[in-house]
2 protein chains.
Amino acid sequence: MTQMQRQPNAARSQQTAREHVISLAERLLHPQSSHEQRLLEIVKTAAAVFRERGYEAGTLEDISQQLGMTRPALYHYVRSKQDILFLTINYLLDIALAELNELERQQDTRERLRSLIIHLITLIGRERSFFTVFFRDKAGLEEPYLSLIREKERAYVAAFRRAVREAMTAGMLPNIPEGIATQAILGCCNWTYQWLDPAGPVPLEQAAELIASFLVDPHPTHLAGKEDTSAAVASDGQGQ
Amino acid sequence: MTQMQRQPNAARSQQTAREHVISLAERLLHPQSSHEQRLLEIVKTAAAVFRERGYEAGTLEDISQQLGMTRPALYHYVRSKQDILFLTINYLLDIALAELNELERQQDTRERLRSLIIHLITLIGRERSFFTVFFRDKAGLEEPYLSLIREKERAYVAAFRRAVREAMTAGMLPNIPEGIATQAILGCCNWTYQWLDPAGPVPLEQAAELIASFLVDPHPTHLAGKEDTSAAVASDGQGQ
DNA sequence: CCTACCGATCGGTAGG
DNA sequence: CCTACCGATCGGTAGG
């Protein structure tokens with residue numbers, strides 16, 4: 001890597017800066033060189049720091065100290081604090097989209113929607129720091145990075161929406177506008193980052209399945225004339 | 001009032017500063033003097049600024065400029081930026097709790113839960129700035145203010161939980177642990193601050209009712225063999 | 001990758 | 001003496 005730290009705000013540097021961080025982002029999902037692996041460590045540490053203090057209040061000093069390096073040394077890997085925020089959020093979306101693609105192959109309509117819900121909740125539980133930064137500090141992104149993130153976000157929501165549409169058509173969900181139903185379900189899942197403790201009394205997987213059952217009734221009772229929901233009611237536990 | 005601005009960090013000053021801002025907060029819901037009314041304007045402007053830029057990035061300069069005053073003039077009303085954040089979030093919770101108390105008188109189990117859901121969603125739509133600051137920047141609160149806010153938050157959640165418990169016992173919700181069901185429903189409602197545009201194509205009230213119908217089935221299909229609930233559905237006034 | 005710094009801007013406070 | 005502020009500047013810290 002050649003050294004280019006000298007002209008941070010020059011016109012041509014702005015363009016290359018964008019290309020630079022995007023090429024970094026693309027390689028971060030599967031880091032190969034030790035340089036890329038170190039960058040991934042920086043991103044993970046940044047997620048923890050930003051989660052704890054927020055993007056604005058969290059400092060590069062916090063990040064570098066946790067990594068045992070000096071603050072100026074960070075500039076060997078990135079060009080700005082903004083770069084780190086982008087890499088952090090982009091890394092999360094890349095993970096989510098990659099895992100999503102595998103789930104979409106699921107054939108059964110109910111199981112596909114259930115899988116998407118359970119996967120999202122467990123992913124949030126596993127990557128709590130990344131999701132907190134994503135949900136809370138996304139607005140701290142400047143253009144064009146914000147647009148890039150929004151595009152990936154839309155792809156994720158679109159997959160959810162397809163599953164919701166099919167489930168609703170099949171009578172597995174109450175019949176309301178599909179966009180609203182999609183956001184309602186996503187809200188249920190996303191909000192778990194605020195309250196569902198992966199180390200809490202209810203195991204993450206189990207909580208995710210309970211929420212999925214809450215949203216997508218195990219029995220298609222929303223279709224007229226269906227009966228026999230007594231099995232679900234029989235397990236009446238007033239727990240928690 | 002004797003002048004005490006001299007020792008900002010002295011032990012006794014910390015105590016009076018706390019008492020000072022709490023007494024301000026108590027009077028903000030029903031401002032009487034012109035001084036209190038002006039403080040309320042500051043709080044509302046702060047909510048807009050913090051929503052747009054976040055608590056850390058939003059400056060007192062932004063707030064004072066929008067109000068046509070100088071930044072030092074803000075210190076005639078509050079003692080710190082932190083005070084403003086606390087007053088902002090506390091004001092929102094006081095509004096929410098006051099309106100909640102009226103809704104809890106609702107007798108019918110299904111309608112009470114529906115009312116809580118619809119009320120929360122419409123309140124979020126109306127007070128978008130306050131809720132954004134609350135959800136996103138709450139962690140910026142220091143003690144003891146954070147604990148005061150958490151207590152009011154718990155009271156709000158507890159009311160929701162009571163309504164959820166009754167609805168679940170009556171078979172109007174899928175049977176899962178009531179704490180998880182409560183958070184799932186709250187998540188659905190709270191997340192609307194991220195996507196539900198009060199000026200969007202679907203009117204706020206209507207969207208809120210659709211989401212309520214999505215969460216609490218208009219027909220108690222979760223209880224086995226109950227057919228005679230049609231009377232309750234017929235008699236309830238659908239026209240809020 | 002460090003030491004040694006910069007331009008700017010922050011929240012908060014002085015005297016009047 | 002009170003209220004409602006202003007112009008100027010403080011100490012400290014941010015990203016770079």
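Chain letters run A, B, ... following the sequence lines, proteins first, then strands; residues in each count from 1.
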Item checked: Residue of the set B:Thr88, B:Ile89, B:Ile95 for which side-chain contact (heavy atoms from CB on, under 4.5 Å) holds with B:Tyr91 -> B:Ile95

Let me have the donor-acceptor pairs involving side chains of residues 185-193 of chain A, under 3.5 Å, with sequence neighbours excluded, atom names and distances please.
from     : atom 1 : to       : atom 2 : distance (Å)
A:Asn190 : ND2    : A:Leu186 : O      : 3.4
A:Thr192 : OG1    : A:Cys189 : O      : 2.5

How many Å lie between [atom1] on [X] and [atom2] on [N], as a whole number?
{"X": "A:Arg71", "N": "C:dT3", "atom1": "CZ", "atom2": "P", "result": "12 Å"}
{"X": "A:Asp83", "N": "D:dG15", "atom1": "CG", "atom2": "P", "result": "13 Å"}
{"X": "B:His76", "N": "C:dT13", "atom1": "NE2", "atom2": "P", "result": "15 Å"}
{"X": "B:Gln82", "N": "C:dG11", "atom1": "CD", "atom2": "P", "result": "12 Å"}
{"X": "A:Ile84", "N": "D:dG16", "atom1": "CD1", "atom2": "C1'", "result": "12 Å"}
{"X": "A:Tyr75", "N": "C:dC5", "atom1": "OH", "atom2": "C1'", "result": "14 Å"}
{"X": "B:Leu74", "N": "C:dG11", "atom1": "CG", "atom2": "C1'", "result": "11 Å"}
{"X": "B:Leu67", "N": "D:dC5", "atom1": "CG", "atom2": "P", "result": "11 Å"}

When you measure from the side chain of [X] to the backbone of [Y], do you find a donor-acceptor pair of N or O atoms at a distance under 3.5 Å?
{"X": "A:Glu99", "Y": "A:His119", "value": "no"}
{"X": "B:Asp137", "Y": "B:Gly54", "value": "no"}
{"X": "B:Gln206", "Y": "B:Leu210", "value": "no"}

Notebook entry, point to check: When you measure from every atom of DNA chain C, which of residues 40-47 of chain A have a heavy atom less than 4.0 Å away?
Noted result: none

Item checked: Stem regions touching DNA chain D, defined by at least 3 consecutive Watson-Crick or wobble G-U pairs below 3.5 angstrom -> none

Next item on the list: Tell me, please, which residues at least two apart from A:Gln194 pass side-chain hydrogen bond (donor to acceptor under 3.5 Å, both in side chains).
Entry: none

Check: How close do A:Ala208 and A:Ile118 get, heavy atom to heavy atom, and via which atoms?
Finding: O-CG1, 3.8 Å

Notebook entry, point to check: What closest approach, in Å, do A:Ser64 and A:Glu61 show between heavy atoms, and which atom pair accounts for it?
Noted result: OG-O, 3.1 Å

Notebook entry, point to check: Side-chain donor or acceptor of B:Arg79 under 3.5 Å from a matching atom on the base of C:dG12?
Noted result: no

Checklist line | Over 12 foreign heavy atoms within 6.0 Å of CD, A:Glu52 | finding: no

Notebook entry, point to check: Quick one: side-chain hydrogen bond (donor to acceptor under 3.5 Å, both in side chains) pairs with a partner in residues 148-163 of chain A, sequence neighbours left out?
Noted result: A:Asn90-A:Lys152, A:Asp94-A:Lys152, A:Glu104-A:Arg162, A:Lys138-A:Glu153, A:Arg161-A:Glu178

Note to self: Using a strict heavy-atom distance below 4.0 Å, which residues from residues 54-63 of chain A are in contact with DNA chain D?
What the structure shows: A:Gly58, A:Thr59, A:Leu60

Margin query: From C-beta outward on A:Lys81, which listed nucleotide comes closest to its side chain: D:dG16, D:dT3, D:dC6?
Written below: D:dG16

Item checked: Among C:dT3, D:dG16, D:dT9, the one nearest A:Ser80 by side-chain distance -> D:dG16

Next item on the list: Determine the Euclidean distance between corresponding P atoms of D:dA4 and C:dG16; express it in Å to zero decimal places.
Entry: 22 Å

Item checked: Distance, P atom - from C:dG12 to D:dA8, rounded to whole angstrom -> 22 Å

Margin query: I want to check one thing: is the phosphate of C:dC1, taken as OP1 and OP2, less than 4.0 Å away from some side-chain N or O of A:Tyr77?
Written below: yes

Notebook entry, point to check: Hey, is the side chain of B:Thr70 poking within less than 4.0 Å of OP1 or OP2 on D:dC5, counting only N and O atoms?
Noted result: no

Margin query: Before you tell me yes or no, could you show the steps for B:Arg136 and B:Glu56 under salt bridge (charged side-chain N to carboxylate O under 4.0 Å, His left out), namely the whole-Å CA-CA distance, both residues' side-chain angles and the distance that decides it to 0.1 Å?
Written below: CA-CA 11 Å; B:Arg136 192 188 51 195; B:Glu56 291 291 339; over 6 Å; no

Checklist line | Centroid-centroid distance, B:Phe131 to B:Phe135, less than 6.0 Å | finding: yes

